[in-house]
S.K.: 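Have a look at this one before I ask anything.
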Amino acid sequence: MNKKKIINDPVYGFISIPTELVFDLIQHPYFQRLRYIKQLGMTHLVYPGALHTRFHHALGAMHLMGMAIETLRNKGHEISNREEEAVIIAILLHDAGHGPFSHALEESIVEGISHEDISTMLMQKLNIQFEGKLTMAIEIFKGSYHREFLHQLVSGQLDMDRMDYLNRDSFFTGVSEGVISSDRIIKMLNVKDDRIVVEEKGIYSVEKFLIARRLMYWQVYLHKTVIAAEQLLARILRRSRELALSGEHLFTTPALNHFLKKPIGRDDFVNGDHHLEAFALLDDTDIMAAIKVWATNDDPVLAKLCTDMVHRDLYKVDITNEPPDKKIVGELQWKAVNRYGITAHEATYFVFEDTVRNNAYRPGDGDIRILMKDGTIKDITAASDNSNLEALARTVRKYILCYKKDLMI
């Protein structure tokens with residue numbers, strides 16, 4: 001069978017599958033599942049074009065990784081074919097552990113375990129199936145391989161994951177502020193003291209990358225209507241979980257039922273292989289099928305939440321720099337009790353507060369290091385003459401108040 005396939009990608013053009021092992025991993029059900037998980041969760045309710053998947057994104061990141069390795073080799077760095085294949089596999093599988101509507105699911109169904117942890121577990125399972133051929137890829141992914149710069153290409157401030165999702169998310173949402181010069185940044189990459197650096201002449205492209213990332217957070221990832229949709233989904237999952245744990249029988253697919261009917265945390269995943277297998281069967285269709293059926297559920301809270309999701313009747317969201325007034329929150333919750341004929345606890349599904357954070361660049365978290373012409377290394381915030389980058393290094397925390405619009409009438 002010919003495994004030297006090419007894939008036509010709307011962002012980069014033709015992407016080549018580099019090796020037979022990579023082809024076999026792409027064909028594996030763990031990876032094919034990513035076709036049915038949207039990259040941006042509920043964002044299509046704001047930007048209708050945002051229907052691209054984690055499958056697209058993983059292939060794009062794989063393509064950029066190939067470019068990065070080629071660049072570093074051209075600059076005289078020895079990278080073996082085994083290391084190249086391993087780092088490509090690490091980036092290809094970096095999102096394998098994402099669940100459907102990942103962040104809402106992580107907060108309400110799967111507890112105390114991140115998608116990175118689940119990605120590692122899935123890679124370890126694949127390593128058994130592929131007779132140890134993923135061992136180096138797992139070491140690179142976890143940061144335990146002796147060449148640190150390879151891990152930084154997979155998970156760092158300028159990794160191929162971020163490069164692709166900014167390119168791809170701006171392409172599919174139509175938000176042009178997210179467009180970055182990924183080709184130029186990759187061509188400016190180098191290695192010094194076993195760490196990734198960017199040559200000084202690439203500094204403006206890196207500045208644009210950081211600013212684009214910040215703008216994409218406010219315009220796309222933390223857009224108030226996207227927040228409203230994701231918070232609604234999180235409340236649906238939380239209510240369904242609450243009902244299921246109290247003994248209520250709910251329609252679900254078998255994979256979703258596995259996680260609804262009992263709390264499953266990190267230790268359960270580590271000690272029980274069947275939890276991982278059930279997770280690997282979950283995708284967006286499990287959640288959406290349940291929501292459509294639950295819209296007619298006997299529980300009025302779950303039924304209303306699901307009906308609102310199906311009809312795109314989302315929360316009103318107020319985003320502020322200070323916490324919302326407790327008195328106003330209490331009054332809105334009391335209105336919900338009276339208007340919907342529900343308990344005070346149930347009112348918290350319709351009126352609640354939360355926080356959001358935006359940090360485009362975190363110094364100390366794998367800094368972006370600039371290789372100056374004189375051979376010295378400076379952090380991007382010190383090397384740049386753009387004073388805005390100092391502001392970008394600060395985490396912005398905002399408070400949100402979500403409530404149903406009809407409670408304001």
Side-chain angles (χ1 to χ4, degrees), residues 2-19 22-71 87-96 98 100-103 115 153-154 158-187 189 205 208-209 211-223 225-226 229 283-285 288:
N2 173 25
K3 297 184 179 181
K4 290 284 185 184
K5 303 288 186 186
I6 55 171
I7 296 164
N8 196 346
D9 179 69
V11 178
Y12 306 121
F14 290 110
I15 291 176
S16 298
I17 297 176
T19 69
V22 171
F23 176 88
D24 290 338
L25 288 167
I26 290 170
Q27 287 290 83
H28 195 280
Y30 288 171
F31 191 79
Q32 288 292 318
R33 159 184 170 271
L34 299 180
R35 289 182 183 273
Y36 310 105
I37 296 180
K38 286 192 290 298
Q39 173 74 7
L40 290 182
M42 306 308 295
T43 306
H44 65 286
L45 294 180
V46 180
Y47 297 101
L51 291 166
H52 57 301
T53 65
R54 294 200 177 274
F55 183 87
H56 288 132
H57 161 59
L59 292 176
M62 175 192 80
H63 171 71
L64 295 182
M65 185 64 81
M67 290 175 57
I69 296 301
E70 182 187 11
T71 296
V87 77
I88 280 173
I89 289 170
I91 197 70
L92 182 75
L93 300 177
H94 78 283
D95 269 355
H98 267 290
F101 307 107
S102 181
H103 303 294
H115 64 266
L153 291 172
V154 176
L158 271 179
D159 60 37
M160 299 306 112
D161 171 30
R162 291 181 187 183
M163 294 265 195
D164 181 77
Y165 78 60
L166 286 174
N167 270 333
R168 194 165 299 277
D169 296 349
S170 59
F171 179 91
F172 281 98
T173 56
V175 176
S176 59
E177 286 83 355
V179 176
I180 59 166
S181 312
S182 57
D183 283 13
R184 179 162 173 78
I185 293 173
I186 289 171
K187 294 295 183 200
L189 293 181
S205 299
K208 185 173 186 302
F209 165 85
I211 292 164
R213 188 160 182 254
R214 186 176 186 80
L215 292 174
M216 283 292 283
Y217 265 84
W218 289 130
Q219 277 195 257
V220 178
Y221 312 126
L222 297 177
H223 186 290
T225 311
V226 173
D283 60 40
D284 289 4
T285 55
M288 291 314 300

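Quick note: numbers below take in every heavy atom, side chains included, and nothing from hydrogens, waters or symmetry partners. For clarity, every value in this text was computed on a predicted model and none was experimentally measured.
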S.K.: As a quick check of understanding, evaluate salt bridge (Lys or Arg N to Asp or Glu O under 4.0 Å) for D283 and R33, giving each step before the final call.
M.R.: CA-CA 7 Å; D283 60 40; R33 159 184 170 271; over 6 Å; no
S.K.: Kindly assign one of parallel, tilted or perpendicular to the pair H115 and H98, based on the angle between their ring planes and the thresholds 30° and 60°.
M.R.: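 It falls in the parallel class, under 30°.
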S.K.: More than 12 non-hydrogen atoms from neighbouring residues, nucleotides or ligands closer than 6.0 Å to OH on Y36, yes or no?
M.R.: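 No, OH of Y36 has 12 or fewer neighbouring heavy atoms, counting only those of other groups under 6.0 Å.
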S.K.: So among H52, R213, Q39, which one has a side chain to side chain donor-acceptor pair (under 3.5 Å) with Y165?
M.R.: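 Exactly one pass, corresponding to R213.
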S.K.: Looking only at non-hydrogen atoms, find the nearest pair between K38 and A50 and report the distance.
M.R.: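 Taking K38 first and A50 second, the nearest heavy atoms are CD-O, 4.3 Å.
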S.K.: On a heavy-atom basis, which atom in A229 and which in L45 lie closest, and how many Å separate them?
M.R.: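 Of all heavy-atom pairs spanning A229 and L45, the closest is CB-CD1, 3.9 Å.
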S.K.: Measuring only between side-chain heavy atoms, which start at C-beta, is L25 closer than 4.5 Å to F31?
M.R.: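 Result no, sub-4.5 Å side-chain heavy-atom pair not found.
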S.K.: Under the ring-ring contact (aromatic ring centres under 6.0 Å, His included) rule, what do H57 and H94 come out as? Steps first, then yes or no, please.
M.R.: CA-CA 10 Å; H57 161 59; H94 78 283; 5.1 Å; yes
S.K.: Please verify the inter-ring angle class for F172 with H56; under 30° counts as parallel, over 60° as perpendicular, anything in between as tilted.
M.R.: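 It falls in the parallel class, under 30°.
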S.K.: Quick check against the 3.5 Å criterion: does Q219 have a side-chain atom that pairs as donor or acceptor with the backbone of V175?
M.R.: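 A pair under 3.5 Å: no.
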S.K.: Take R168 and D9, measure what salt bridge (Lys or Arg N to Asp or Glu O under 4.0 Å) needs, and give me the verdict at the end.
M.R.: CA-CA 10 Å; R168 194 165 299 277; D9 179 69; 2.9 Å; yes
S.K.: Using modelled atom types only, decide if a donor and an acceptor are shared between the side chain of S181 and the backbone of R184 within a distance under 3.5 Å.
M.R.: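 Flag not set: sc S181 to bb R184 has no pair under 3.5 Å.
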S.K.: Give a yes or no answer on whether the side chain of K4 reaches the backbone of P18 with a donor-acceptor pair at less than 3.5 Å.
M.R.: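 Confirmed, K4 side chain pairs with P18 backbone.
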S.K.: Write down the atom of L166, the atom of A212, and the distance for their closest heavy-atom approach.
M.R.: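 Between these two residues, the closest heavy atoms are CD2-O, 4.5 Å.
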